[in-house]
Amino acid sequence: MAKRFPVFLDLTDREIHVYGAGRIAARRVETLLAFSPRLTVHAPEASGRIHEAASQGKLLLREEMYEPGTIPADTFMVLAATNDAGVNERICAECREKKIPVNVCSDRELCDFHFPGIASKGELVIGVHAGGAAHSLAKKWTDRIRREVEEDGYDNQAEEASDDGKAQKDGAGDADG
């Protein structure tokens with residue numbers, strides 16, 4: 001599998017559809033909510049965390065199964081996280097037809113993008129990826145980085161840093177932008 005390029009996207013008000021509402025979907029939805037997308041979760045049954053987020057108005061929950069042809073063409077991205085690999089494959093096929101980036105939790109080969117481990121505080125966001133196959137390695141490093149960022153000394157450096165243009169002059173601008 002080809003090495004993936006990390007990209008940080010502005011998801012504010014972007015329409016994201018998640019199919020499935022079990023453990024994997026709930027973790028991904030929880031992560032996405034911190035980035036202010038417009039989330040719609042489609043699942044006949046949803047976990048407590050998904051129901052809670054819906055009751056708080058953080059996402060729209062549609063208690064329904066995936067029906068072919070129903071993914072809105074203007075969707076920004078889709079997460080196919082049902083407990084049925086065949087359904088996930090059909091979601092992927094529809095997304096490909098409509099040119100919508102899709103992440104298929106049951107088959108990394110079908111993913112247009114992978115979902116990283118996230119460590120963040122304030123404006124600092126760090127994504128961890130281990131090729132889509134080494135989940136335990138990605139989790140280990142995400143947890144390690146998260147502890148450092150959230151607990152062990154992140155002292156609002158991102159909020160205090162000034163952008164005086166010096167980074168652009170010395171070539172360091174590629175590190176953040």
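Position 1 is the first residue of the sequence; numbering continues from there.
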Legend entry - Sidechain N-carboxylate O distance under 4.0 Å for D143, R147: no
Legend entry - Close side-chain approach of T82 to H42, heavy-atom, < 4.5 Å: no
Inset, instruction - For the residue pair F35 and V125, establish whether any side-chain heavy-atom pair is separated by less than 4.5 Å. - result: yes
Under 3.5 Å, which donor-acceptor pairs do the side chains of residues 8-16 form with other protein atoms, sequence neighbours left out?
residue: D10; atom: OD1; partner: T12; partner atom: N; Å: 2.9
residue: D10; atom: OD1; partner: T12; partner atom: OG1; Å: 2.7
residue: E15; atom: OE1; partner: R38; partner atom: NE; Å: 3.0
residue: E15; atom: OE1; partner: R38; partner atom: NH2; Å: 3.2
residue: E15; atom: OE2; partner: H17; partner atom: NE2; Å: 3.4
residue: E15; atom: OE2; partner: T40; partner atom: OG1; Å: 3.2

Inset, instruction - Would you check if L59 and L32 make a side-chain contact, meaning some heavy-atom pair closer than 4.5 Å? - result: no
Legend entry - Heavy-atom check, side chain of W141 versus side chain of I126, under 4.5 Å: no
Legend entry - Min side-chain heavy-atom separation D107-N88 under 4.5 Å: no
Inset, instruction - Decide yes or no for M77 and P37: does some side-chain heavy atom of the first lie under 4.5 Å from some side-chain heavy atom of the second? - result: no
Inset, instruction - Determine whether L39 and K58 make a side-chain contact, defined as any pair of heavy atoms from C-beta on separated by less than 4.5 Å. - result: no
Inset, instruction - Compare all side-chain heavy atoms of V104 with those of Y19 and state whether any distance is below 4.5 angstrom. - result: no
Inset, instruction - Mind checking side chain to side chain contact (heavy atoms under 4.5 Å, CB included) for K98 and listing every partner two or more places apart, or none if nothing turns up? - result: I71, E94, I100
Inset, instruction - Go through the structure and list residues passing side chain to side chain donor-acceptor pair (under 3.5 Å) with E30, not counting sequence neighbours. - result: R49
Legend entry - Hydrophobic cluster identity match, I24 and L79, side-chain contacts under 4.5 Å: no
Inset, instruction - For side chain to side chain contact (heavy atoms under 4.5 Å, CB included), just list the numbers for F113 and V7, CA-CA rounded to whole Å, side-chain angles, deciding distance to a tenth of an Å, and then say yes or no. - result: CA-CA 10 Å; F113 63 94; V7 174; over 6 Å; no
